[in-house]
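Here is the naming used below: chain letters follow the sequence lines, and residue numbers restart at 1 for every chain. These figures come from a predicted structure and were not determined experimentally.
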Protein chains: 4
Amino acid sequence: MTAQLVVLNGGSSSGKTGIVRCLQAVLPEPWLAFGVDDFVDALPAAMRDSDAGIEFKPDGDIAVGPDFRRLDAAWVAGIVAMCRAGARVIVDDVFLGGGGSQQRWKDALGDLDVLWVGVRCSADVATGRELARGDRVIGMAALQADIVHEGVKYDLEVDTTHTESLTCAQTIARQL
Amino acid sequence: MTAQLVVLNGGSSSGKTGIVRCLQAVLPEPWLAFGVDDFVDALPAAMRDSDAGIEFKPDGDIAVGPDFRRLDAAWVAGIVAMCRAGARVIVDDVFLGGGGSQQRWKDALGDLDVLWVGVRCSADVATGRELARGDRVIGMAALQADIVHEGVKYDLEVDTTHTESLTCAQTIARQL
Amino acid sequence: MTAQLVVLNGGSSSGKTGIVRCLQAVLPEPWLAFGVDDFVDALPAAMRDSDAGIEFKPDGDIAVGPDFRRLDAAWVAGIVAMCRAGARVIVDDVFLGGGGSQQRWKDALGDLDVLWVGVRCSADVATGRELARGDRVIGMAALQADIVHEGVKYDLEVDTTHTESLTCAQTIARQL
Amino acid sequence: MTAQLVVLNGGSSSGKTGIVRCLQAVLPEPWLAFGVDDFVDALPAAMRDSDAGIEFKPDGDIAVGPDFRRLDAAWVAGIVAMCRAGARVIVDDVFLGGGGSQQRWKDALGDLDVLWVGVRCSADVATGRELARGDRVIGMAALQADIVHEGVKYDLEVDTTHTESLTCAQTIARQL
């Protein structure tokens, strides 16, 4: 396979970022890495706590508004354009809308070759890691552990519950 | 003017990021903000210290290799695509190649409306702020203060030597 | 004067940290730097949002509880002990209780030589810088700009409204 | 046991910080958390790369100078004083000198009750996690994995190779 784009999907604290860093280290060619966190950081501060933007509720749930959705679509278009311009890109995302979120990517991809990777982690273990990070709203990991995978189709799934990031990355790298 | 893209160019520690954050706060519409630092963070760790990538020399100078240039061009294409997809975007960049670096953007822009903003700061003051940040290689601010503006054409210039970020942002916002 | 401890007091976004970094750079001897932010980071995550701890209200005001006060007193005792053990230390603090907060330090100092430094910044300018940082609750800078100085006695005051961090640091260094 | 101080010792990327955050979350009383990283951050920037300070060599090894040692001793004295003033404190350290580094703490402790905890992680797994963090000098984890434990006596050892941070924290909490 000659995918130019790898999309990793998994809940909060499932270990996506660690896998991405390891993937960049083990792949022989340079790959750019972007994530939904980068997109949120690019938003105006005010939008992270308004109806038009993204809202982190006390229980860890997330709500998004129309401006968020419109800018998010533009961000996806930008990532796809980077691939068409010749870059290899790894993206980590959180499909809060499950299969619907994946479709949003598919609509933008055209004939671009993509490797879809599901990153699983049991809710229990992800919650412990959320606690260990010390800077996360507690509850997001458990809420998102399963719903982000509903209706999503993958080329490959990895599970960080009992497997290290580097081993997961090596499994993914073998498909590229 | 109806620019959908604002490009701020200035040396290290000239105050670009502060202006960008203020711009996002004062502009009525939501604007996404990206910077060359985000691009560097997206590179594999190994490329930040190799001939193929970017190298921060002890004296604060920076050298870039061919892989860096190729991926950087793809990143620029991605930002332009976000604008074409309907997003308003503010970019802060460091034109180490002066007018040549600006041309790299122009080649990718097509007919997109851009506001070019030069962010000046005296080398002395920028060096003091570099020291105050505590996490920068000392010397970059002075080295870059003038060379990044050589041969670059702006719609507007601001100078943070004696002017606050917010005031600079308000000046820029009036052009949008 | 042979102060072994420098205490800087000023409101949020008044520029304390930048001055501290510059002080460390211009002073010939090595000085350790600690701040009230380090203390807050040392607290359990749960205490940053509970009645027993510190609470950042939506308007930027801060409330503290009894556990916070007790642990804060122990932290002050620890800083003083570092000085008695031979270290030179620079501390930046926010005296939310004005003169009362200073007294809390005085009670712990015994005969230790201290240089008290007030860091002023006009509420307007501090609010602009708060916006420029992009990661602060908007409103704290204005709320704290004056109240933190009420009833506090200084050996020296600096004002970052129109003076760079490095220049303020040089003024302070001349007193040491 | 009624320890007021818990000292965790382990190599780079062995998982100390994650365990500390979990300990703070599971213990019913508030505990302050400090680490050797906080001490290094408190040093002047220049000391992190000079003979008088700490030097991170390209292969991940670390060398320290006399000023570093003197300030480090003062920092230890400060942590002990916080405990004597009534705070419960968790410290994570890296005993580069093995048993000698532990003795440095013992000399400062007097009759204070301490729980000594060894945090083990196989060099292989720690190296993978070092890669996954993306911001560490590669090689420190492997270099330090065993040497930091040489000649050190513990009340308790945990091993993060196959055990989550939260589980390790619960094991430690049962001893307190």
message = Looking at chain C, which one of Arg70(D), Gln24(D), Arg84(D) has the largest number of heavy-atom pairs inside 4.5 Å, strictly under?
response =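 Most heavy-atom pairs under 4.5 Å with chain C: Gln24(D).
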ask   = Among Ala108(D), Ala81(D), Ala85(D), Pro44(D), who wins on heavy-atom pairs under 4.5 Å with chain C?
value =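 Of the candidates given, the most pairs with chain C belong to Pro44(D).
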request  = Identify which part of Trp75(D) has an atom lying under 4.5 Å from any heavy atom of chain C, answering side chain, backbone, both or neither.
outcome  =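 Both parts, backbone and side chain.
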message = Is Ala25(D) in contact with chain C via its backbone, its side chain, both, or neither, using a 4.5 Å heavy-atom distance?
response =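 No part of it gets close to chain C.
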message = Distance check, rounded to the nearest 0.5 Å: Asp41(C) atom CG versus Leu32(D) atom CG?
response =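 With rounding to 0.5 Å, CG (Asp41(C)) is 11.5 Å from CG (Leu32(D)).
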Ile79(C) side, atom CD1; Met82(D) side, atom CE - distance, nearest 0.5 Å =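 Here the rounded value is 5.5 Å.
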ask   = Taking side chain as C-beta onward, heavy atoms only, is Pro30(D) less than 4.5 Å from Leu43(C)?
value =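 No, too far: nothing below the 4.5 Å cut-off.
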Any Asp38(D) side-chain heavy atom under 4.5 Å of Asp38(C) side chain =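 No, their side chains stay 4.5 Å or more apart.
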message = Give me each pair satisfying salt bridge (charged side-chain N to carboxylate O under 4.0 Å, His left out) with a member in residues 13-31 of chain D, each pair once, sequence neighbours excluded.
response =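 Counting only pairs at least two positions apart or across chains, the salt bridge (charged side-chain N to carboxylate O under 4.0 Å, His left out) contacts touching residues 13-31 of chain D are Glu29(D)-Arg88(D).
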task = List in chain and number order the residues that pass side-chain hydrogen bond (donor to acceptor under 3.5 Å, both in side chains) with Asp124(C), two or more places apart in sequence or in another chain; answer none if no residue qualifies.
result =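 By the side-chain hydrogen bond (donor to acceptor under 3.5 Å, both in side chains) rule, Asp124(C) matches no residue at all.
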